[in-house]
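Order of the sequence lines fixes the chain letters, A, B, ..., with proteins taken first and strands second; residue numbering starts at 1 for each chain.
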Number of protein chains: 2
Amino acid sequence: MKVRNNISNSGQVQVPTPTLRRLPGYLSYFKALKIGGVEQVSSGQIASVFKMDSTLVTKDLSYTGVKGRTKVGYNVEQLIETIVRFLDFNTRENAFLFGVGNLGRALINYQGLQHYGLNIVAGFDTDPGVINTQIRGVKIHALDDFRDLSIKTPARIGIITTPDGSAQEVADLAVAWGIKAIWNFTPQSIKVPENIIVENTSIYSDLAVILNKLNH
Amino acid sequence: MKVRNNISNSGQVQVPTPTLRRLPGYLSYFKALKIGGVEQVSSGQIASVFKMDSTLVTKDLSYTGVKGRTKVGYNVEQLIETIVRFLDFNTRENAFLFGVGNLGRALINYQGLQHYGLNIVAGFDTDPGVINTQIRGVKIHALDDFRDLSIKTPARIGIITTPDGSAQEVADLAVAWGIKAIWNFTPQSIKVPENIIVENTSIYSDLAVILNKLNH
DNA sequence: CAGTGTGAAGTTGTTCACAGCA
DNA sequence: TGCTGTGAACAACTTCACACTG
């Protein structure tokens, strides 16, 4: 009999990606509850807000290790703390941003990311009109300065918001100087060594889903 | 015996969402190939670029109705045309944008969306400092003007990029004046009537996945 | 009972195996 | 032989059923 095995060598349960993607949404809801003075919440309530099965909610939450009390539900404060810790939203993680166009500028300005563990420490661009300017205290450097800066202020995450076909080039450079994870906002596919993490955020994927639902 | 049935009443094959989400990525790759003068491409090549199983590529492409030729592969030009048409990226779809903050401004500036079928025709905000300004020819209106504008220039899509807790309020208004689909960039969950489409784009979900992969 | 928590069943999506074709 | 295309096997994710708990 083949039994499904959720336990990796290290004894750490590996979390399904869909669960990981839902947790920030729960977190936002719990924070709103806290502001509203609500102290307890049940899986059924959560499920109805997100229009999903309540069992799935309990399964998702169980991965974080939070314990609910029967008849009472989960403690909101405890949920927030547990999920924040579980998602590493409490640790400061440095990031470099490559390509200070509209989207790049928006991400730097987006104070939200700082509250969720991500600290953009520098931007890079090739446009002389942008180099040496500051956005919210984040200095924009020439791409050539990347090597020196990556030694002085190391970062593990590289955010790529370059236009057109330069994503691969920038990714190669980023990897060469120590970036461990690439957050790719361009629609291009990026090739990286085995041990480097790539997460693609594609606005066009979301658009495709919307248009499909609207028209079919 | 229960047989799996992909065909809906209307005879239309319904496309799996994961397929829909992958197609824009392929499209971007095909466009790059075209620029490079490449005329044919095989599922194996595509699969290696995106690090996936080649069968999955052929399955994805088969949903669009494009036909490949054995030993030769698919015609790049034909792939582009077929996918663009399949995803409705060739039709102009009007959209209103609510909340002209950093992210909202970036989306309006993002010329990319226009090339993918989405036309932001107006922005709305409550900040007097922003109202009546223009961004790339897109006028920003007071939220109160929404009713009149939605009659003059109807739009089916509402993009919500408001800060904090106002997403639900804005969504209610949008639905009341004829919006059929809401593209929600806030982390909040939005309640809408049964027949309204909601697509949530959560940057924090992506961040959660990255941090998890980095740290575990 | 009204809730959590969990193993089993069901469903959806991906990979495998192989038929067909130029 | 190299590649498309597809039905069957497999794996991942979600829902169901129900035991348990205060």
Side-chain angles (χ1 to χ4, degrees), chain A residues 1-8 13-23 25-26 30 33 38-76 78-79 82-83 205 208-209 212, chain B residues 1-8 13-23 25-26 30 38-76 78-79 82-83 205 208-209 212-213:
Chain A
M1 180 181 61
K2 176 88 181 285
V3 168
R4 204 190 291 200
N5 180 7
N6 259 341
I7 315 290
S8 77
V13 177
Q14 75 106 37
V15 186
T17 305
T19 295
L20 232 35
R21 298 190 64 85
R22 282 189 294 268
L23 285 170
Y26 299 150
F30 299 150
L33 286 181
V38 180
E39 291 184 1
Q40 301 290 333
V41 65
S42 73
S43 62
Q45 284 173 66
I46 303 167
S48 88
V49 167
F50 290 91
K51 296 206 186 68
M52 56 193 290
D53 196 289
S54 73
T55 314
L56 187 51
V57 173
T58 61
K59 285 225 160 116
D60 282 346
L61 295 181
S62 77
Y63 282 108
T64 70
V66 78
K67 290 284 170 221
R69 288 202 311 156
T70 171
K71 181 114 178 169
V72 178
Y74 300 86
N75 177 274
V76 172
Q78 209 171 299
L79 279 169
T82 311
I83 294 176
S205 295
V209 174
N212 182 266
Chain B
M1 179 182 62
K2 179 84 181 288
V3 168
R4 206 189 291 201
N5 179 5
N6 258 343
I7 316 289
S8 77
V13 178
Q14 75 106 36
V15 186
T17 304
T19 295
L20 233 34
R21 298 189 64 85
R22 282 188 294 266
L23 284 170
Y26 299 151
F30 299 150
V38 180
E39 291 183 3
Q40 302 290 333
V41 65
S42 74
S43 62
Q45 283 173 65
I46 302 166
S48 88
V49 167
F50 290 91
K51 295 207 187 71
M52 56 193 291
D53 195 289
S54 72
T55 314
L56 187 51
V57 173
T58 63
K59 286 226 160 116
D60 283 345
L61 294 181
S62 77
Y63 283 108
T64 69
V66 79
K67 290 286 171 223
R69 289 203 310 156
T70 170
K71 182 112 176 170
V72 178
Y74 300 86
N75 177 274
V76 171
Q78 208 171 299
L79 279 169
T82 310
I83 295 176
S205 294
V209 174
N212 182 267
K213 286 184 185 166

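Residue side chain B:Lys59 does not reach the base of D:dT4 through any donor-acceptor N/O pair under 3.5 Å, judged by distance alone.
How far CG of A:Leu20 is from OG1 of A:Thr64: 11.5 Å, rounded to the nearest 0.5 Å. For the atom pair CG of A:Asp60 and OG of A:Ser62, the computed distance is 7.5 Å after rounding to the nearest 0.5 Å.
Among the protein residues, B:Ser43 comes within range of the sugar-phosphate backbone only, with heavy atoms under 4.0 Å from sugar or phosphate atoms but none that close to a base. A:Lys67 comes within 4.0 angstrom of sugar-phosphate atoms only, judged by non-hydrogen atoms across all strands, and of no base.
Taking every side-chain heavy atom of B:Leu56 into account, C:dT15 is the closest of C:dG3, D:dT14, C:dT15. Proximity note for A:Thr70 (side chain, C-beta onward) versus C:dC16, C:dA2, C:dT6: the nearest is C:dA2. Listed candidates were C:dG13, C:dT4, C:dA2. Nearest to the side chain of A:Ser42 is C:dT4.
What separates CD of B:Gln45 from C1' of D:dG2 is a distance of 12 Å, to the nearest Å. One interatomic measurement links the two molecules: CG of A:Asp60 to P of C:dT6, which rounds to 14 Å at whole-angstrom precision. Whole-Å rounding puts the B:Tyr63 OH to C:dT12 C1' distance at 10 Å. Rounded to an integer number of Å, the gap from B:Lys51 NZ to C:dT14 P is 18 Å. In this entry the distance linking CG of A:Leu79 with P of C:dT4 reads 10 Å, nearest Å. In this entry the distance linking CE of A:Met52 with C1' of D:dT14 reads 9 Å, nearest Å. As a whole-Å value, the separation of A:Lys71 NZ from C:dT4 P is 12 Å. Here the P atom of nucleotide D:dC13 and the CG atom of A:Leu20 are 11 Å apart, to the nearest Å.
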Determine, stepwise, if the pair B:Ile83 / B:Val66 fulfils side chain to side chain contact (heavy atoms under 4.5 Å, CB included).
CA-CA 8 Å; B:Ile83 295 176; B:Val66 79; over 6 Å; no
Determine, step by step, whether A:Val57 and A:Met52 satisfy the side chain to side chain contact (heavy atoms under 4.5 Å, CB included) criterion, reporting the C-alpha distance in whole Å, the side-chain angles of both residues, the deciding distance to 0.1 Å, and the verdict.
CA-CA 8 Å; A:Val57 173; A:Met52 56 193 290; 4.0 Å; yes
Run the side chain to side chain contact (heavy atoms under 4.5 Å, CB included) test on B:Gln40 and B:Val76 for me, step by step, so that the C-alpha distance in whole Å, both residues' side-chain angles and the decisive distance to 0.1 Å come before the verdict.
CA-CA 5 Å; B:Gln40 302 290 333; B:Val76 171; 5.7 Å; no
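Under 4.0 angstrom from either OP1 or OP2 of D:dT15 there lies no side-chain N or O belonging to A:Thr55. Remark: A:Arg22 is in phosphate contact with D:dT14, judged by side-chain N or O atoms under 4.0 Å from OP1 or OP2. Contact check, A:Thr58 against C:dG5: no side-chain N or O comes under 4.0 Å of OP1 or OP2. When the side-chain nitrogen and oxygen atoms of B:Tyr74 are compared with OP1 and OP2 of D:dG5, one or more of them lie within a distance under 4.0 Å.
Using a 4.5 Å heavy-atom cutoff, the side chains of A:Leu61 and A:Tyr26 are in contact.
Residues B:Val41 and B:Gln45 approach most closely at CG2-OE1, 3.7 Å, considering heavy atoms.
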Output side-chain donor-acceptor pairs under 3.5 Å for residues 67-74 of chain A, partner residues at least two apart or in another chain, one line each.
none

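Comparing the local axis fitted to the first five base pairs of the helix from C:dC1-D:dG22 to C:dA22-D:dT1 with the one fitted to its last five gives a bend of 10°, rounded to 10°.
Between A:Arg69 and A:Asp53, it is A:Asp53 whose nearest contact on DNA chain D lies nearer the 5' terminus.
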